[in-house]
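To start, the structure itself, in structure tokens.
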Amino acid sequence: MPEKHSELRLLLPRLAVAACIAFGGFAWAQNAEPVSPKLTPKLQDLLRKEMLSVNEASQEILAAMVMGDDERVATLAQRIHDSFILRQSMTPEDKADLMAAVPEDFVEMDRGFHEISAELAQAARAKDRPLQQEHFGRMIDACVACHTRYATNRFSGLAE
Ligand code: HEC
């Protein structure tokens with residue numbers, strides 16, 4: 001167990017730095033345009049479910065990273081990558097509704113987020129811990145960036 005503790009001591013300051021960059025970097029967010037109120041009830045529901053599973057997976061990734069469980073990190077990050085927000089259980093009509101409702105930039109942010117999760121999975125398969133931490137930091141940046149722009153109706157703290 002002492003080994004795990006020393007890994008934790010190394011990791012936590014890096015995560016703190018990543019979090020500061022994330023929160024500081026997006027403090028001046030402009031053009032907030034909440035996306036959920038523009039969606040059909042079915043799409044709202046899909047987005048919320050997707051977010052809950054992404055949230056759970058990202059927390060599990062942190063736990064797996066601090067325990068050096070590369071395989072688990074790879075599995076979870078790949079799972080996030082494979083579950084593109086809203087793409088699952090969508091009929092062609094839902095897809096048309098979605099495209100009509102959200103700005104192109106939201107789709108881009110979603111895509112960027114999923115690319116980062118693929119890079120994290122790759123770093124975990126390569127057992128490259130420093131790179132995993134870097135990509136995990138970028139992933140948190142991406143959560144905060146999208147929420148700051150598109151979910152301030154939900155997360156009023158990010159509107160300030
Ligand atoms: C491309 C945009 C985008 C990205 C990236 C994103 N989110 Fe979200 N998230 C949203 C939106 C929009 C909402 C608000 C949904 C609503 O109001 O129903 C939301 C809501 C949530 C919720 C609240 C769910 C609920 O209804 O209880 C959680 C938790 C959450 N996100 C976690 C995360 C985490 C963790 C990440 C990154 C690992 C992340 N999100 C990345 C757009 C995004």
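These figures come from a predicted structure and were not determined experimentally. Order of listing sets the numbers, starting from 1, for every ligand and every atom in it. Hydrogens, waters and symmetry mates play no part in the numbers below; they use all other heavy atoms, side chains included.
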Applying side-chain hydrogen bond (donor to acceptor under 3.5 Å, both in side chains), name anything that partners T91, two or more places apart in sequence or on another chain. D94
Atoms of ligand 1 close to V54 [distance to a heavy atom under 4.0 angstrom, numbered from 1]: 34 (C), 36 (C), 37 (C), 38 (C)
Go through R125 and D70 one step at a time and tell me if the side chain to side chain contact (heavy atoms under 4.5 Å, CB included) criterion holds. CA-CA 7 Å; R125 281 191 287 265; D70 299 321; over 6 Å; no
Just jot down the ligand 1 atoms closer than 4.0 angstrom to any heavy atom of A151, in number order. 11 (C), 12 (C), 13 (C), 14 (C)
Report the residues that fulfil side-chain hydrogen bond (donor to acceptor under 3.5 Å, both in side chains) with R72, sequence neighbours left out, ordered by chain and then residue number. E60
For atom 25 (C) of ligand 1, which of the options R154, Q59, M109 provides the nearest non-hydrogen atom? R154
Within a distance under 4.0 Å of any heavy atom of F155, pick out the atoms of ligand 1 and give their elements. 20 (C), 21 (C), 22 (C), 23 (C)
With heavy atoms of D110 as the reference, note each atom of ligand 1 found under 4.0 Å away. 1 (C)
Are a donor atom and an acceptor atom from the side chains of R138 and H135 found within less than 3.5 Å of each other? yes
For N55, take its heavy atoms, then give the atoms of ligand 1 lying under 4.0 Å from any of them. 29 (C), 32 (C), 35 (C)
Note: L52, heavy atoms under 4.0 Å from ligand 1, region reported as side chain
V35 heavy atoms within 4.0 Å reach ligand 1 at atoms 12 (C)
Looking at R149 and D105, does any basic side-chain N land under 4.0 Å from a carboxylate oxygen? yes
What are the atoms of ligand 1, with element, lying closer than 4.0 Å to any heavy atom of L47? 12 (C), 15 (C)
Just which atoms of ligand 1 are under 4.0 Å from any heavy atom in S36? 16 (C), 17 (O), 18 (O)
Hey, looking at atom 7 (N) of ligand 1, which of H147, K49, Q44, H114 has the closest heavy atom? H147
